[in-house]
Every structure is written in C-alpha cells, then in structure tokens.
Asker: 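One structure coming up, written as structure tokens, with questions to follow.
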Amino acid sequence: MLTINAQHWLEGVRHVPSPFHDPRPDPADISLLVVHNISLPPGQFGGPYIEQLFTGTLNPTDHPYFEAISGIRVSAHCLIRRNGDIIQFVPFDSRAWHAGVSQFAGRDKCNDYSIGIELEGTDNLPYTQVQYDVLAELTRVLLNRYPRLDSQRITGHEFIAPGRKTDPGLAFDWLAYRQKLQADIES
Ligand SMILES: [Zn+2]
C-alpha cells in the first residue's frame, strides 16, 4: 500500500533526489498526470543510467548515445522499473522537468501543473503487467491526495507534445490501464 507523506514523497520506495526541479507557480495546482517512457541506452533495461540522467551524473563516455544527452537537465517525479520498483526523484509539490514544450486542453507549460511518471520501456515493446499494476496503484493514491487530479486528466507525453514526442507509444495499453484504475477505484 503506497502512501504519500507530508513532504510529498512516497513512503517505502527509493528516493533519489534530483536537482532538476523548482517551485510550481501555484503549488496547489496539481491537476494533470503525464505518462512517459524512458530507457537508457534506448531499449536496454535495468542499468543505473536513468537515475544518473535525472541527477546530472550520466557519464557521456559510458555509451555513444549518452554523449548527446548527458548535459540535459530533465527529471520526472517517479520512475516505474520493469519489475515494478518505484523510484521517486522529485516531491510531488515541486515542478519536475519532464514535459517540455507542451499543451493540455488548451493550456501550455504542463510541467507547471502536472506530475510526470516514467515507465521504463520503449514505444514498441509491451510494458510488464507489474508496471500496469503499480502505475494504477500509484495513480489511485495520487488521485486521492491531489483533488484537482481526476481520471479525465491523465495523458501521455505524445499527446501533450505531438510531433515532438512519441512516448509512452503504441505499446502502452490505455484501455487496460484505465480498466485497472477503474477496478481499483471501485474496490
Ligand atoms: Zn516523455
């Protein structure tokens, strides 16, 4: 059972604080959940590199792909690994830097008012069942904690940054996620 403490961190999961965050313009406005994917190097799972990217410690010489990205300043609130482990990088009341140029329902700058959840994965490879289970549970606790979030205000990075981003991609089963979420809410 996940719980969120008074400092807006999940209890019982690993915390890897990222320097890449700042205050939300309106700390009370947490009203969108954005699902992403990431894997580093792309398509490879389980290494330390996502944590290193989100903490500014990725070594550009560890892999050719890292040269181009090692200097970028990005983060998300949480990562859900292939085995379902959650890592939290930024407290939910702070602005993580995950969405970039983006717009939801006519409103831009989604980072200002959203929570970003990364699934370890790619656009085309099926996510694991435990990732769906953990994502649904995490979503449920976030919806309970932040009243401006609701099930209609959950989206993917590809939909708020079309033409620029493609994640979580065709591999993400929105129907299964929404059905799992609904079942959890009703139970
Ligand atoms: Zn993304």
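Order of appearance sets the numbers: ligands from 1, and atoms from 1 within every ligand.
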Asker: Under 2.8 Å from the Zn ion (ligand 1), which protein N/O/S atoms are there?
Answerer: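 Result, waters dropped: His36 ND1, His157 ND1, Asp167 OD2.
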Asker: Output the distance between atom CG (Asp29) and atom OH (Tyr113), rounded to the nearest 0.5 Å.
Answerer: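 Nearest 0.5 Å value for the CG-OH distance: 8.5 Å.
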Asker: Who passes side chain to side chain contact (heavy atoms under 4.5 Å, CB included) against Leu125, sequence neighbours left out?
Answerer: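 Leu125 satisfies side chain to side chain contact (heavy atoms under 4.5 Å, CB included) with Phe45, Arg82, Thr122 once adjacent residues are dropped.
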Asker: According to ring pair (Phe, Tyr, Trp, His ring centres under 6.0 Å), who are the partners of Phe66, at least two apart in sequence or on a separate chain?
Answerer: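 Checked Phe66 against ring pair (Phe, Tyr, Trp, His ring centres under 6.0 Å); matches are Tyr49, His63.
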Asker: Enumerate the side-chain hydrogen bond (donor to acceptor under 3.5 Å, both in side chains) contacts for residues 162-176, please, sequence neighbours excluded, ordered by first and then second residue.
Answerer: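 Only His36-Asp167, Asp123-Thr166, His157-Asp167 qualify under side-chain hydrogen bond (donor to acceptor under 3.5 Å, both in side chains).
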Asker: Below 30° counts as parallel, above 60° as perpendicular, anything between as tilted: where do the rings of Phe89 and Phe54 land?
Answerer: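 Perpendicular, since the angle between the ring planes exceeds 60°.
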Asker: Going by side chain to side chain contact (heavy atoms under 4.5 Å, CB included), His77 matches just one of Leu10, Val90, Asp93. Which one?
Answerer: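 With His77 as partner, side chain to side chain contact (heavy atoms under 4.5 Å, CB included) holds for just one option, Val90.
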